[in-house]
Each structure stands twice: as structure tokens, then as C-alpha cells.
Amino acid sequence: MDYVKDWSLNVSATLVIAVIFSLLTPKGNMGKYLKIIIALFITLSLLLPITEFDFDEINFSGVSDLFGEESTNDDTYKKLITAQVDNVLKESNINSADISCKLKISEDNEIEIKEITVSITDEYNADEVKNMIYDNLGFVAQVKYIGQ
């Protein structure tokens, strides 16, 4: 942030000085050359700080998270899918469900859901839970009773 602050102060000072010099230039042919020199001076003052910028100071940790390992992506997608299924179940007051997901990410970055398993207690109907997940999310889930 200090870099941007310093750069903007330098550009502002350069522009003030350039305006003063352009007001003092003569009106003839010599004035045209001096205005070109002032324009080059302004351009250099804009570009020079960019050449001195240290790109090692930028934190790219967020970018590396996006392009991390596939196992990290697998875990992220698994969490997203299980969270969606969990939300659908909680909307129907099914709170004691255990959800697991198996998926495969191809080389083309296509996600293939291999299996979604939902374990519920005996008080809920497995077929109703399976249909509820399919109707709301379009996922075909295997619904089992806990202990099966």
C-alpha cells in the first residue's frame, strides 16, 4: 500500500510541475518542442515506478489455493456436495444424518460423482430421503440406516 501512496504522490507532484512549466513555455515553435518534452516527462514519471516495483512483495497464496493439488480440489468439492445434501436434509428436519461422497475429477476438470451415501436413523424413511435428495439436487444417493 505504501508503494501506491508513494507512486500517486510522485505523479501528482510531476503533474503540478508540468502544468507550471507548460504555462511558462513560449507560444512559438520552441513552445511546441517544450510541450512535447513535458509530455515525455509526464509519461516517464508514470512508467518509472512500475520498473522499480518489487513483485516478490505480492502475496500469491490465494492464487495457489485456486490452482492447488487435485486432492485439495477433491476435498473442496466433497465438502460442497455434502453441505448441499446436509442443507436439504436439515430443511426437512433430518439432523442426525451422516453423509459421505466419492467423486472423480477428470483431466478436463469434469466432476463425476461416483457415490453419495447418506446414513440416517431408523425414525426416517430411506426411500423418502432418497427421493427428497433427488428432487432437490438431482443427485442419486444411497440411503442406509445407521448400523447397516
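Residue numbers start at 1 and run along the sequence shown.
L34 and I42 fall into different hydrophobic clusters, defined by Ile, Leu, Val, Met, Phe, Trp and Tyr side-chain heavy atoms under 4.5 Å apart, directly or through other members. In this structure, L80 is a member of the same hydrophobic cluster as L137, with clusters built from ILVMFWY side-chain heavy atoms closer than 4.5 Å. Side-chain heavy atoms closer than 4.5 Å link hydrophobic residues (I, L, V, M, F, W, Y) into clusters, and following such links, possibly through other members, connects Y145 to I133.
A salt bridge links K90 with D86: at least one charged nitrogen is closer than 4.0 Å to a carboxylate oxygen.
Using a 4.5 Å heavy-atom cutoff, the side chains of I105 and E110 are not in contact.
Listed here is the closest heavy atom pair of K130 and V140: CE-CG1, 4.5 Å. Across all non-hydrogen atoms, the minimal contact from V11 to S45 is CG2-O, 4.3 Å. Contact record, W7 with L46: NE1-O, 3.3 Å, taken as the closest heavy-atom pair.
Note: S100 OG to Q142 CD = 8.5 Å, rounded to the nearest 0.5 Å. Annotation: the span from Q84 atom CD to N87 atom CG amounts to 8.0 Å, rounded to 0.5 Å. To the nearest 0.5 Å, atom CG of residue L103 and atom CG of residue D75 are 9.0 Å apart. K79 contributes atom NZ, which lies 13.0 Å from atom SG of C101 (distance to the nearest 0.5 angstrom).
Applying the salt bridge (Lys or Arg N to Asp or Glu O under 4.0 Å) rule to K35 yields no partners; only residues at least two apart in sequence or on another chain are considered.
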- [ ] Could you give me the CA-CA distance, side-chain angles and deciding distance for L89 and I99, then say whether side chain to side chain contact (heavy atoms under 4.5 Å, CB included) is met?
- [x] CA-CA 10 Å; L89 295 177; I99 305 161; 4.1 Å; yes
Exercise answer: donor-acceptor pairs, residues 112-127 side-chain atoms, under 3.5 Å, sequence neighbours excluded:
unit_1: E112; atom_1: OE2; unit_2: K114; atom_2: NZ; d: 3.4
unit_1: E115; atom_1: OE2; unit_2: T117; atom_2: OG1; d: 2.8
unit_1: Y124; atom_1: OH; unit_2: N93; atom_2: O; d: 3.3
unit_1: N125; atom_1: OD1; unit_2: D127; atom_2: N; d: 3.1

Can you give each donor-acceptor pair under 3.5 Å made by side-chain atoms of residues 12-31, sequence neighbours left out, with the distance rounded to 0.1 Å?
unit_1: S12; atom_1: OG; unit_2: S8; atom_2: O; d: 2.8
unit_1: T14; atom_1: OG1; unit_2: N10; atom_2: O; d: 2.7
unit_1: S22; atom_1: OG; unit_2: A18; atom_2: O; d: 3.3
unit_1: S22; atom_1: OG; unit_2: V19; atom_2: O; d: 2.8
unit_1: T25; atom_1: OG1; unit_2: S22; atom_2: O; d: 2.8

